[in-house]
Structures are given as structure tokens and as C-alpha cells.
Amino acid sequence: MTAANAAQNARRIAHLAWPVFVGQIAVLAFSTVDTVMAARVSAIDLAALAVGAAVYVSIFLGLMGTVLAIGPIAGQLFGAGRLREAGHEGEQAVWLALALAVPGCIALAFPEPFLALASVDGVVAAKVRAYLHGLGFALPPALVFTVFRGFNVAVSRPKAVMALQIAGLALKVPLTAALVFGLALPGPLDGWRLPALGTAGCGIATAIVMWLQAGAAIVLLRRDPFYARFGLGRRLSPPAWTSLGPLLRLGVPMGLSILVEVTGFTFMAFFVARFGATAVAGHQIAANMVALMFMLPLAIGNSTGTLVAQAIGAADPAAAKRLGWHGMAIGCGLGVAVAGAVYAGRHVLVHAYTDNASIVAAALPIVAWLALFHVVDAAQTVAAFVLRAWRIATLPLLVYGVAVWGIGLGGGYAIAFDRSGRTPEWAHGAQGFWAMGAAGLLVTALGLVALLVFTARMPARPLPLPLPLPL
């Protein structure tokens with residue numbers, strides 16, 4: 001690896017990563033807007049948002065991971081110059097998204113298992129249900145838009161996605177404020193008022209924005225001549241098992257890996273909820289902060305994986321391997337820098353969310369763990385995307401299951417609720433979950449990097465198309 005190659009690859013990764021990063025920040029800002037506004041209503045609303053968001057994220061991201069199999073597949077076909085086939089795979093991914101939305105909506109409509117896991121009832125449970133019912137209407141367009149996003153990144157056109165995501169955020173902010181706090185309607189509707197819906201208003205606002213965003217993506221596909229060479233913009237082709245089968249074979253282990261990773265994190269909220277509304281409110285602030293931090297390695301991983309997939313499709317596995325390692329170096333370096341900055345400014349950052357002294361006191365000790373958590377999260381994220389570009393998805397799933405669920409979530413539960421006197425007092429509660437969560441991600445990162453080393457030592461020969469089944 002020469003310095004010139006490294007610099008060139010860094011420029012290519014950055015060129016593709018920055019619009020992905022900006023767009024993902026806009027998406028995550030949906031949750032930030034909800035968190036900030038719910039925090040200004042009451043600790044009860046913020047606690048309901050924390051539990052409800054954990055439910056939605058657990059369901060949505062698992063399904064999203066399956067749909068995003070379109071990324072490596074379309075990226076390899078694009079790199080091979082097989083544009084019509086790439087477009088056809090994108091259309092098939094839309095059918096997959098619509099099919100997956102059905103069980104997802106049912107789970108959001110009946111969230112009782114999650115409520116039981118979190119041990120919430122009464123007012124908090126009612127607010128969680130209202131919030132999730134709104135998000136149930138958001139799920140189908142959100143999954144369809146995920147296909148649009150994955151396809152555009154795969155063909156190196158993320159700016160179109162970024163523009164729609166920023167526009168969605170611009171609409172989300174005033175709409176959420178109006179529905180959460182209530183709004184007197186002007187003009188001919190003078191005298192009428194939107195009721196203050198609290199947490200439920202966050203879910204309804206997201207649903208409205210998601211439908212408008214998906215509609216705008218369809219209009220763009222039909223009118224932008226860029227997509228014509230992929231055969232897109234006309235009538236959606238019927239479902240074809242020859243395409244849906246490979247999508248599922250790659251997408252299911254991808255989706256399950258993301259589900260394990262995400263639930264290892266989001267299930268913290270369910271268990272922390274047992275310590276009371278203030279504890280889970282503090283956890284929600286820390287969770288939102290680490291999610292914001294995660295957007296940078298996510299963008300680096302996305303862009304690195306895309307370029308690796310394109311190099312594989314272009315029958316240049318040596319370049320694919322170089323790109324993968326350069327992306328890892330960039331992701332880890334930026335992870336260390338961001339983690340250090342957040343740790344140094346943790347007091348200012350927490351007070352930006354809320355001025356409630358009790359919530360601040362609950363959040364600050366957790367935020368101190370974010371530095372270690374983020375560094376290892378950055379490493380495993382980039383490694384995971386590179387492995388998916390090589391269509392290695394099943395082995396990482398096993399690593400996630402053992403490390404994230406076994407060490408992170410299982411270990412966190414063991415020490416957070418331990419009353420035997422064998423664990424320190426500070427670990428009894430949310431801090432215990434965060435400490436073991438960081439340990440689980442460290443093991444995950446080591447395992448995925450070991451798989452990358454194994455991949456790098458494989459003979460440098462082009463992969464055939466159509467590609468073999470994923471490992």
C-alpha cells in the first residue's frame with residue numbers, strides 16, 4: 001500500500017461518505033428532535049419515547065438490514081457495467097420491502113411483549129402505544145425509501161438521497177412541534193387548535209414526513225434521466241424469485257446481524273426502564289448522543305463497502321482489499337477523535353438536552369462510557385460493511401450473537417441487577433449495561449477484523465458473476 005494509493009482511496013471514500021454522513025445526520029435528527037421536545041414536556045413523555053423508540057428501532061433496523069442487501073448486489077453489478085440488471089435488482093428490493101413491512105406493522109400495532117420486557121404500564125405504556133401506532137404508518141414508506149437510499153449509494157449517487165433527507169428534516173421540526181405542543185390554526189381555521197399530543201405527536205409527524213419523502217423519491221425516479229439507463233422510472237417489474245432469492249440469502253443474515261447489534265443496544269432501554277423514569281430518561285440522552293456519533297463511522301463504512309463492492313464487480317479484488325483497509329484506518333482514526341471530543345465536552349452536551357437536574361445526574365455517568373463505546377463501535381461498523389461487500393454475512397452474525405447478546409446484553413444484565421456484593425456499586429444500574437455493552441462491541445470488533453484478515457489473505461482472483469452464495 002503506497003502513500004499515493006492511500007491518499008487516493010481516502011479522497012474516494014470521503015467523496016462518497018460526506019453526503020451519506022449529512023443525510024444520516026438528518027435522519028437521526030428526527031430522533032433528536034423527538035428527544036428534545038419530549039424532554040420539555042415531562043420525564044414521563046421522555047421515558048415513553050425511550051421505550052417506544054427502542055421498540056421501533058429494533059423492528060425497523062432489522063428489516064432495513066435485510067432490504068439493504070440491495071447495496072452490495074447493485075454495487076457489484078454497477079462495477080461490472082451491468083446497469084439494467086442493477087436496476088432490476090432495485091425493483092425487486094422494493095417488493096421485498098413491502099413484504100417485510102407487513103409483519104413489522106403488526107409488531108408495532110401490538111407491542112405488548114416489549115412493554116412486558118420493559119416492565120412499564122399505566123400512563124407510560126399508553127404513551128408508548130400511541131407513539132408506536134403513529135410509527136406503524138411510517139414503516140412501509142421508510143422501508144421503500146431504504147431501497148432508494150441503498151441503490152443510490154451503490155451507484156455512487158448519494159447526494160439525491162441526502163437532499164430528500166434534509167428536506168424531510170426541514171418539515172419534521174415544525175410539524176413535530178405543532179403536534180407535540182399543540183398549535184392554534186391561522187386564517188380561515190382561526191379558533192381551531194391542534195391538540196398537544198406529547199409523545200404521540202412525534203410518531204404522527206414522522207409518519208407524515210416518511211410518506212412525503214417516499215413519494216418524492218418515486219417522482220425523482222420517474223423524472224430524472226439518470227435512472228433511465230438502469231431501466232427505472234417505468235412500471236415496477238413483477239416479483240421474480242431468481243432475484244428475491246439472492247436478496248434474501250444475503251439480506252437475512254445481514255438483517256439478523258443488525259438486529260442482534262441493535263437489540264443488544266436498544267434492549268438496554270427496556271431493562272433500564274425498570275430503574276424508573278429518570279434513569280431511562282438519562283439513558284435516552286446518552287443513547288441519542290452515541291447514535292449521533294455513530295453516523296460518522298456509518299458513513300465511512302457505507303462508502304467503503306460501496307467502493308469495495310464496485311471493485312469486486314470490476315474484477316479487481318486487489319483494489320477491493322486496499323480500499324477495505326484504508327476505510328478501516330479512516331474510520332478508527334475519526335472514531336478516536338470524536339470520542340475524545342465528546343468526553344471532554346460531556347457536561348455542555350448533556351445540558352443542551354435538558355436542564356432537569358435529576359436527568360442530568362442520571363445521564364452524565366453514562367456519557368463518560370461513550371468514548372470507549374464509540375471507538376470500538378467505529379471499528380466493527382466499518383469492518384462489517386467491508387465484509388458485506390465481499391458477501392460474507394453469516395459468520396459475522398455468529399460473532400454478533402456471542403459478543404453483543406452474550407457479553408454485552410447478558411453481561412450487562414448480570415452486573416446491573418446484581419445484589420450479591422460481588423460487583424461495584426456504580427455498575428448497579430444503567431452504567432453496568434453501558435460498560436458491558438462496550439466490552440461486547442470490543443469483542444465484536446476483534447472478531448470482524450480477524451475475518452477481514454482472513455479475507456485479505458485469500459488469493460487475489462476476481463469473483464465470478466453471478467456471485468456465489470454468501471458465507
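All values below were derived from every heavy atom in this structure, side-chain atoms included, with hydrogens, water molecules and symmetry-related copies excluded. Quick note: residue numbers are just sequence positions, from 1.
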Decide yes or no on side chain to side chain contact (heavy atoms under 4.5 Å, CB included) for Leu448 and Tyr400, but give the supporting numbers first.
CA-CA 9 Å; Leu448 296 188; Tyr400 279 115; 3.6 Å; yes
Distance (rounded to the nearest 0.5 Å) between Arg222 CZ and Ile218 CD1
7.5 Å
Would you say the side-chain atoms of Arg346 pair up with the backbone N or O of Tyr343, donor to acceptor, closer than 3.5 Å?
yes
Would you please classify the geometry between the Phe271 ring and the Tyr413 ring as parallel, tilted or perpendicular, with 30° and 60° separating the classes?
perpendicular
Can you find a pair of side-chain heavy atoms, one from Pro396 and one from Leu451, that are under 4.5 Å apart?
yes
Shortest non-hydrogen contact from Phe373 toward Gly437:
CE1-C, 3.9 Å
Identify the two heavy atoms, one from Ser156 and one from Leu16, that lie closest to each other, and give their separation to 0.1 Å.
CA-CD1, 3.9 Å
Axial cation check for Phe226 ring with Arg157, 6.0 Å and 45° limits:
yes
Main chain of Phe148, side chain of Asn152: is a donor-acceptor contact present, judged purely on distance under 3.5 Å?
yes
Tell me whether Gln431 contacts the main-chain N or O of Ala416 through its side chain, where contact means a donor paired with an acceptor under 3.5 Å.
no
What is the distance from atom CE of Met295 to atom CG of Leu292, rounded to the nearest 0.5 Å?
7.5 Å
How far does CD of Gln213 sit from CG of Leu169, to the nearest 0.5 angstrom?
9.5 Å
Determine yes or no for a side-chain-to-main-chain donor-acceptor pair under 3.5 angstrom, with Thr176 supplying the side chain and Val173 the backbone.
no
Stepwise side chain to side chain contact (heavy atoms under 4.5 Å, CB included) check, Leu61 with Leu259
CA-CA 6 Å; Leu61 290 185; Leu259 180 64; over 6 Å; no
Are side-chain heavy atoms of Leu143 and Leu98 found at a separation under 4.5 Å?
no
Within the side chain of Gln380, is there an N or O that forms a donor-acceptor pair under 3.5 Å with the backbone of Leu442?
no
Verdict with supporting geometry, Tyr227 and Phe230, ring-ring contact (aromatic ring centres under 6.0 Å, His included):
CA-CA 5 Å; Tyr227 299 102; Phe230 297 97; 7.0 Å; no
Given 3.5 Å as the limit, does a donor-acceptor pair link the side chain of His351 with the main chain of His347, or not?
yes
Please lay out, stage by stage, how Leu370 and Val367 fare under the test side chain to side chain contact (heavy atoms under 4.5 Å, CB included).
CA-CA 5 Å; Leu370 296 194; Val367 173; 4.1 Å; yes
Is the closest side-chain heavy-atom distance between Met162 and Gln24 below 4.5 Å?
no
Taking Thr263's backbone N and O only, do any of them form a donor-acceptor pair with Trp405's side chain (distance below 3.5 Å, no angle check)?
no
Do you know the tightest heavy-atom contact between Ala93 and Ile70?
CB-CB, 4.0 Å
Closest heavy-atom pair and its distance - Ala389, Gly305:
CB-O, 3.3 Å
How about Val342 and His374: do any of their side-chain heavy atoms sit closer than 4.5 Å?
no
Rounding to 0.5 Å, atoms NE2 (His326) and CZ (Arg11) come to a distance of 12.0 Å
Does the side chain of Glu261 come within less than 4.5 Å of Thr444's, by heavy atoms?
no
How long is the span from the CG atom in Leu441 to the CG atom in Asp377, to the nearest 0.5 Å?
5.0 Å
To the nearest 0.5 angstrom, please state how far the CE atom of Met293 sits from the CG atom of Leu334.
12.0 Å
Side-chain heavy-atom pair Tyr131, Val51 within 4.5 angstrom cut-off:
no
Minimum side-chain heavy-atom gap Arg149-Pro158 below 4.5 Å
no
Quick one, Phe433 with Phe267, criterion ring-ring contact (aromatic ring centres under 6.0 Å, His included). Give me CA distance, side-chain angles, the key distance, then yes/no.
CA-CA 10 Å; Phe433 279 105; Phe267 274 34; over 10 Å; no
In terms of heavy-atom contacts, Ser31 and Asn288 come closest through OG-ND2, 3.3 Å
Does any part of the side chain of Leu250, heavy atoms only, come nearer than 4.5 Å to the side chain of Pro72, both counted from C-beta?
yes
How far apart are the C-alpha atoms of Thr206 and Met210, what are their side-chain angles, what is the distance that settles it, and do they pass the side chain to side chain contact (heavy atoms under 4.5 Å, CB included) test?
CA-CA 6 Å; Thr206 298; Met210 285 295 100; 4.1 Å; yes
Give a yes or no on whether the backbone of Phe137 and the side-chain of Trp211 come within a donor-acceptor separation of less than 3.5 Å.
yes
For the student: nearest non-hydrogen atoms of Pro19 and Lys159, plus distance:
CB-CG, 3.9 Å
